[in-house]
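Worksheet: one structure, shown below.
Everything numeric here is computed off the predicted structure, so don't read it as measured data. Just so we're on the same page: letters track the sequence lines, and every chain starts at 1.
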Amino acid sequence: MNHGELATSLLAWYDKSAREMPWRVGPAQRKAGIKPDPYRIWLSEVMLQQTTVAAVKKYFERFTSLWPTVNDLAAAPDDQVMGEWAGLGYYARARNLLKCARVVATDHGGIFPQDRKTLLSLPGIGPYTAASVASIAFDLPETVVDGNVERVMSRLHNVHDPLPLSKPQLTDLATRTTPKKRAGDYAQAIMDLGATICTPKSPACGICPWFAPCIARTKGTAAELPKKVAKPVKPTRKGFAYIARTPSKAWILERRPEKGLLGGMLGWPGSQWATEAQHEPPFDADWTELGEIKHTFTHFHLFLRVMVASDIQNISESHITLGANEFKSSDLPTVMRKVFDIAQPNFTD
DNA sequence: TAAGCGTGGTA
DNA sequence: TTACCAAGCTT
């Protein structure tokens, strides 16, 4: 089966089984002349970076409700955007999302550039997202290469070289299969295929539109591809988190530095996170230990002992105080929300 | 260039 | 319970 036939058979499958998503313009709608909104495509693609469709849906609805256009988002306050992103993870995405929105609003008159190279120059847009916006939003024949495409290509061509070493080869194979027409539908089709049929474990080869041409299926190696370089074991770190309020019942928090872990997010004052936990309170108080939370980040496990105190007056300038009307635990990154959930019963009024 | 960067679902 | 995994980008 040649590349043209591969694309044709995949598009035929997509025409009848495309999944519905809040940001998606389906194949029937496209044929009726409906074009996607580039802002919504870009926003969804940034949210979908390393994140499941199920997790993204609520955030996408919330963001587009609050900010229907890129100009609206560009005008939003940083703190509000970070708070709305809380829980979705990879917070550099939110910071770059705002930067990108402001570049598009200011330098491009609120109109997204269409070509892949200009898109690639924008904050938070890398090779995958540039190709996905160009193809899905503008129907340009660019090739998306995400984890799904890597997996599908490695199986279709029975590539046993491990990722990420094999990525250039898989990218080349994907590029040769991308059709000049209906590139947007094709990009979504191949990712749908990876997400629903050519899954990491137990692929459903029996109902795959590429059953016949798939070499790994023929050889019986589909489920073991793609090979990946083994990842190192995650180390464990420990620390303390400190929750307290002022006499007027305002919560005492801090804004984390822009760069690094949970950059730009709200958090509770805490100790260093190290091999052994060290009690390093942010201010003198009668601290009580309430319990411990466990949280796993991309590259380490964390145990935090939750300490509480009341009626704190000696606040430093590095702290942020938020009254009951201003503070929402949903503005916190998940690890900090876990800490709050332990402490909250101790603060009844 | 390889490491740093979240979270929730799943087996 | 742990390890793996998901529509990656930045430095």
Which part of the nucleic acid, if any, lies within reach of [X] when heavy atoms closer than 4.0 Å are counted: base, sugar-phosphate only, or nothing?
| X | value |
| --- | --- |
| A/Gly87 | sugar-phosphate |
| A/Thr296 | base |
| A/Val149 | nothing |
| A/Thr334 | sugar-phosphate |
| A/Lys167 | nothing |
| A/Met265 | nothing |
| A/Arg24 | base |
| A/Lys338 | nothing |

First and last nucleotide of DNA chain B in contact with chain A, 5' to 3', at under 4.0 Å to a heavy atom: what are they? B/dG4 to B/dG8

What distance, rounded to whole Å, do you find between the two P atoms, one in B/dG8 and one in C/dC9? 22 Å

[X] has an atom [atom1]; how far is it from atom [atom2] of [N], in whole Å?
| X | N | atom1 | atom2 | value |
| --- | --- | --- | --- | --- |
| A/Glu150 | C/dC5 | CD | P | 12 Å |
| A/Leu163 | C/dC5 | CG | C1' | 13 Å |
| A/Gln50 | C/dC5 | CD | P | 12 Å |
| A/His299 | C/dT11 | NE2 | C1' | 14 Å |
| A/Phe300 | C/dT2 | CZ | P | 17 Å |
| A/Leu119 | C/dC9 | CG | P | 12 Å |
| A/His301 | C/dT2 | NE2 | P | 7 Å |
| A/Tyr91 | C/dC9 | OH | P | 19 Å |

For the residue pair A/Trp287 and A/Ile243, what are the closest heavy atoms and their distance? CZ3-O, 3.7 Å

Could you pull out the closest heavy-atom pair between A/Lys238 and A/Thr275, with the gap in Å? CD-O, 3.8 Å

Indicate the ring-plane relationship of [X] and [Y], choosing parallel, tilted or perpendicular according to the 30° and 60° boundaries.
| X | Y | value |
| --- | --- | --- |
| A/His319 | A/Phe283 | perpendicular |
| A/His279 | A/Tyr242 | tilted |
| A/Tyr39 | A/Phe112 | tilted |

Let me know which of A/Phe63, A/Tyr59, A/Tyr90 forms a ring pair (Phe, Tyr, Trp, His ring centres under 6.0 Å) with A/Trp85. A/Phe63

Assess the pair A/His295 and A/Phe297: is the distance between their ring centroids shorter than 6.0 Å? yes

For A/Pro123 and for A/Ala195, locate the closest nucleotide of DNA chain C by heavy-atom distance; then report the residue assigned to the nucleotide nearer the 5' terminus. A/Ala195

Between A/Gln188 and A/Ile125, whichever has its closest DNA chain C nucleotide further toward 5' is A/Gln188

Using heavy-atom distances to pick each residue's nearest nucleotide on DNA chain B, tell me which of A/Lys201 and A/Thr51 is more 5'. A/Thr51

Which residue in the set A/Thr298, A/Leu302, A/Thr296 passes side chain to side chain contact (heavy atoms under 4.5 Å, CB included) when paired with A/Lys234? A/Thr296

